[in-house]
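Beneath this line is the structure, given in structure tokens, with notes to follow.
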Amino acid sequence: MPYQGQKASKGGHADLIRNPDVEAFLNDCVYMREPSDDEGAAIASQFLSAPKGSGLPNCVVASDASPYSDPISNRFPSTQVGYVKVSLIAFDMNNFKGLIEAGSSLIDPFKVAAFHRDAEAVSFTLPGSNVRYKGAKTVKDGFRLAVYEQLSHDRTSFGAQGITAKDTLLSIEDGKIEIDKCPACGAKHAFEFDPKHEQIQCPACSQIAYVTDYMRIHEQISDYGDNSAAITRFMNAAEHLLVATLVKTLADSNLTQLSSMAFIIDGPLALFGQPAKVHSPLMRFYHTVSDILSKKGYEPPLLIGLQKEGQVMEHARSLDRFLKPNTFRVIDDDYRARYINGGPTQLDNFGHETYYGQDFILKTESGRIFTVGIPYPFPDKTNRSVFAKQKSDISRYAPWLGRAFDLVRHLEFDLYESAVVPVALAHRHASISLVPGGKMLDLLTKKHVGNQT
Ligand SMILES: [Zn+2]
């Protein structure tokens with residue numbers, strides 16, 4: 001992404017837009033436009049004063065992930081291996097003060113290096129196009145095996161006897177996962193997975209179906225084509241599953257600590273493409289965790305999806321000059337249809353198949369704009385039209401909203417537009433450093449042992 005103020009050449013773009021065919025075509029389309037002064041003022045008048053919370057978490061864990069798809073040899077560019085790196089950075093809020101150099105918005109690189117030692121990088125290697133893993137009959141079958149192995153690996157667990165990302169997937173589905181046809185040959189068969197049966201042989205083709213096939217990421221794999229889309233879907237699912245694995249590990253072992261933590265995911269609280277359906281058990285899982293903590297008298301942990309780009313951010317930036325500092329708005333379906341998707345649509349619960357969190361636009365006191373996602377405070381979306389209304393009722397987000405905004409206010413900085421420090425660090429970690437960190441849970445336990453009551 002180019003830095004602010006740095007613009008790519010617009011020559012080719014202008015020619016295209018002036019092309020009469022393209023112009024005529026665009027006249028038949030609805031799309032997001034720059035708001036007029038009247039529109040901007042009208043939209044801004046719907047923004048409310050942003051609430052404050054009860055205090056900051058003790059510890060923030062931020063995640064970020066990067067996918068890579070590279071030829072194994074330059075002589076065979078279509079023979080590729082996929083590589084995904086998910087980084088989780090644990091960020092002790094007591095250490096935050098010293099991170100930014102006094103009197104500037106720059107970050108002290110030596111202190112950043114220290115934070116990178118508190119990171120856990122989980123990397124996954126997958127077969128790309130034209131690579132058959134462990135003698136599988138097809139690239140797709142090898143990919144399925146690799147997904148199962150990688151998500152079952154100890155690397156995806158936190159602490160010595162921790163659950164793995166695959167265990168989390170089973171657990172949030174209440175220990176039972178079913179698929180109704182063979183992922184290898186397509187034959188109809190009821191595959192019923194549970195913790196004791198994670199691999200089931202297909203009676204028709206004798207190939208093995210794995211519990212992780214349920215996410216259907218392999219369906220995008222072709223023997224010779226470009227498989228980078230499947231690698232990106234895997235990355236998306238792995239990142240959300242890893243954060244859930246850490247939350248589950250803490251929920252099972254240390255509620256005090258979990259209650260004092262915040263988790264920041266880079267991007268919306270949503271899963272797209274084939275694994276999208278996992279959004280629904282994730283939504284139920286976070287709701288259950290919050291419920292358990294609330295019932296025991298703890299504050300529920302904070303989970304935030306922060307978006308740096310995408311439609312909502314582009315819309316929010318186009319509003320910047322109209323918005324007062326320290327204001328926010330919930331992006332309800334009506335608002336999204338009218339102002340973000342370019343006009344009224346037949347939208348029937350936006351993100352029904354993908355989102356497990358609600359988006360809010362926040363403009364901070366210092367004038368920076370963020371899109372903040374917070375998990376829907378409901379176990380499920382049954383009764384779609386009722387849910388579409390309820391999900392944008394701000395009062396239901398009271399336990400999180402002020403705290404989430406406080407955290408963003410506290411962590412915002414200038415280095416990257418609309419980034420907060422931990423996410424920027426996790427991003428750097430995910431994209432540059434390949435040094436694996438220690439075990440996240442040991443680290444958190446060591447750090448916060450003094451804070452427990
Ligand atoms: Zn089969």
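Please read these numbers as outputs of a predicted model, since none were measured by experiment.
The number of heavy atoms from other shown groups lying within 6.0 Å of CD (Q311) does not exceed 12. H352 NE2: more than 12 foreign heavy atoms inside a 6.0 Å radius. The environment of K137 atom NZ is sparse: at most 12 non-hydrogen atoms of other residues, nucleotides or ligands sit within 6.0 angstrom.
In this structure a side-chain-to-backbone donor-acceptor pair under 3.5 Å is missing from S392 to D332. Between the side chain of D174 and the backbone N or O of K176, no donor-acceptor pair lies under 3.5 Å. Remark: the backbone N or O of S123 is paired with a side-chain donor or acceptor of R155 at under 3.5 angstrom. Checked by atom type and distance alone, the side chain of T168 pairs as donor or acceptor with a backbone atom of T164 at under 3.5 Å. No side-chain donor-acceptor contact under 3.5 Å links T156 to the backbone of S152. Checking side-chain atoms of K363 against main-chain N and O of D320 turns up a donor-acceptor pair under 3.5 Å. The backbone N or O of Y376 lies less than 3.5 Å from no partner atom in the side chain of H287, so there is not a single donor-acceptor pair.
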Check step by step if side chain to side chain contact (heavy atoms under 4.5 Å, CB included) holds for D64 and I89. CA-CA 9 Å; D64 192 44; I89 287 212; over 6 Å; no
Check against side chain to side chain contact (heavy atoms under 4.5 Å, CB included), I264 and L407: CA-CA 10 Å; I264 305 179; L407 187 62; 4.2 Å; yes
Show the numbers, then the answer: is there a side chain to side chain contact (heavy atoms under 4.5 Å, CB included) between F328 and I394? CA-CA 11 Å; F328 85 107; I394 298 165; 4.0 Å; yes
Y355 and F272: side chain to side chain contact (heavy atoms under 4.5 Å, CB included), yes or no, with the steps? CA-CA 8 Å; Y355 272 67; F272 301 103; 3.9 Å; yes
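In terms of heavy atoms, P127 sits closest to I231 at O-CD1, 4.4 Å. In terms of heavy atoms, P275 sits closest to I217 at CG-CG1, 4.0 Å. The minimum heavy-atom distance between P377 and W400, with the atom names listed, is CB-CZ3, 3.9 Å. Between G142 and Y133, the shortest heavy-atom contact is O-CD2, 3.6 Å. Across all non-hydrogen atoms, the minimal contact from S259 to R403 is O-NH2, 4.3 Å. Nearest heavy-atom pair, D359 versus G373, reported as atom, atom and distance to 0.1 Å: OD1-CA, 3.9 Å.
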Side chains of residues 293-303: which donor-acceptor pairs under 3.5 Å do they make with residues two or more places apart or in other chains?
from : atom 1 : to   : atom 2 : distance (Å)
S294 : OG     : S290 : O      : 2.8
K295 : NZ     : D291 : OD2    : 3.2
Y298 : OH     : T256 : OG1    : 3.4
E299 : OE2    : S54  : OG     : 3.1

Expected list for residues 206-214: side-chain donor-acceptor pairs under 3.5 angstrom, two or more places apart:
from : atom 1 : to   : atom 2 : distance (Å)
D213 : OD2    : R144 : NH1    : 2.6
D213 : OD2    : Y210 : N      : 2.8
Y214 : OH     : E173 : OE2    : 2.1

Side-chain donor/acceptor pairs under 3.5 Å, residues 181-193, sequence neighbours excluded:
none

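Between I340 and E314, the closest side-chain pair of non-hydrogen atoms is not below 4.5 Å. Using a 4.5 Å heavy-atom threshold, the side chains of L169 and L151 count as separate. Looking at heavy atoms from C-beta onward, L258 lies in side-chain contact with F263 at the 4.5 angstrom threshold. Taking the side chain as every heavy atom from C-beta outward, Y148 and F143 never approach each other to under 4.5 Å. Under the 4.5 Å side-chain criterion, counting only non-hydrogen atoms from C-beta, L170 is in contact with E198. No side-chain heavy atom of L269 sits under 4.5 Å from any side-chain heavy atom of Y286. Side-chain contact between Q150 and V84 is absent, with no heavy atoms from C-beta onward closer than 4.5 Å. Residues L319 and I369 fail the side-chain proximity criterion, which asks for heavy atoms closer than 4.5 Å.
When the side chain to side chain donor-acceptor pair (under 3.5 Å) test is applied to E365, the partners found at least two apart in sequence or on another chain are K52, R409. Partners of E178 by salt bridge (Lys or Arg N to Asp or Glu O under 4.0 Å), not counting sequence neighbours: none found. For D393, the salt bridge (Lys or Arg N to Asp or Glu O under 4.0 Å) partners at least two apart in sequence or on another chain are R396. Remark: H218 engages no residue in a ring-ring contact (aromatic ring centres under 6.0 Å, His included) (not counting sequence neighbours). Here S222 pairs with N227 under the side chain to side chain contact (heavy atoms under 4.5 Å, CB included) rule; sequence neighbours left out. Not counting sequence neighbours, the partners of Y335 by the ring-ring contact (aromatic ring centres under 6.0 Å, His included) test are H315, Y339. Qualifying salt bridge (Lys or Arg N to Asp or Glu O under 4.0 Å) partners for K391, counting only residues two or more places apart in sequence or in other chains: D333. By the ring-ring contact (aromatic ring centres under 6.0 Å, His included) test, F285 is found to be paired with no residue, residues two or more places apart in sequence or in another chain being considered.
Salt bridge absent: R132 and D141 never bring a charged side-chain N and a carboxylate O closer than 4.0 Å. By the 4.0 Å N-to-carboxylate-O rule, D167 lies too far from K248 to be salt-bridged with it. Under 4.0 Å is where a charged nitrogen must lie from a carboxylate oxygen, and between D380 and R284 no such pair does.
Distance check, rounded to the nearest 0.5 Å: OG1 of T371 to NZ of K308 gives 12.0 Å. Note that NE2 of H197 and CD1 of I177 are 14.5 Å apart. Values are rounded to the nearest 0.5 Å. To the nearest 0.5 Å, the span separating CG on D348 from OG on S385 amounts to 7.0 Å. For the atom pair CZ of R233 and CZ of R216, the computed distance is 11.5 Å after rounding to the nearest 0.5 Å. The distance from atom CE of M235 to atom OG of S66, rounded to the nearest 0.5 Å, is 7.0 Å. Atom CG of L306 is separated from atom CG of L362 by 9.5 Å, given to the nearest 0.5 angstrom.
When each of T327, V330, I331 is tested with I361 by the rule side-chain contact (heavy atoms from CB on, under 4.5 Å), just one qualifies, namely I331.
Residue pairs meeting the ring-ring contact (aromatic ring centres under 6.0 Å, His included) criterion with at least one member in residues 230-258, sequence neighbours excluded: F124-F234, H240-Y356.
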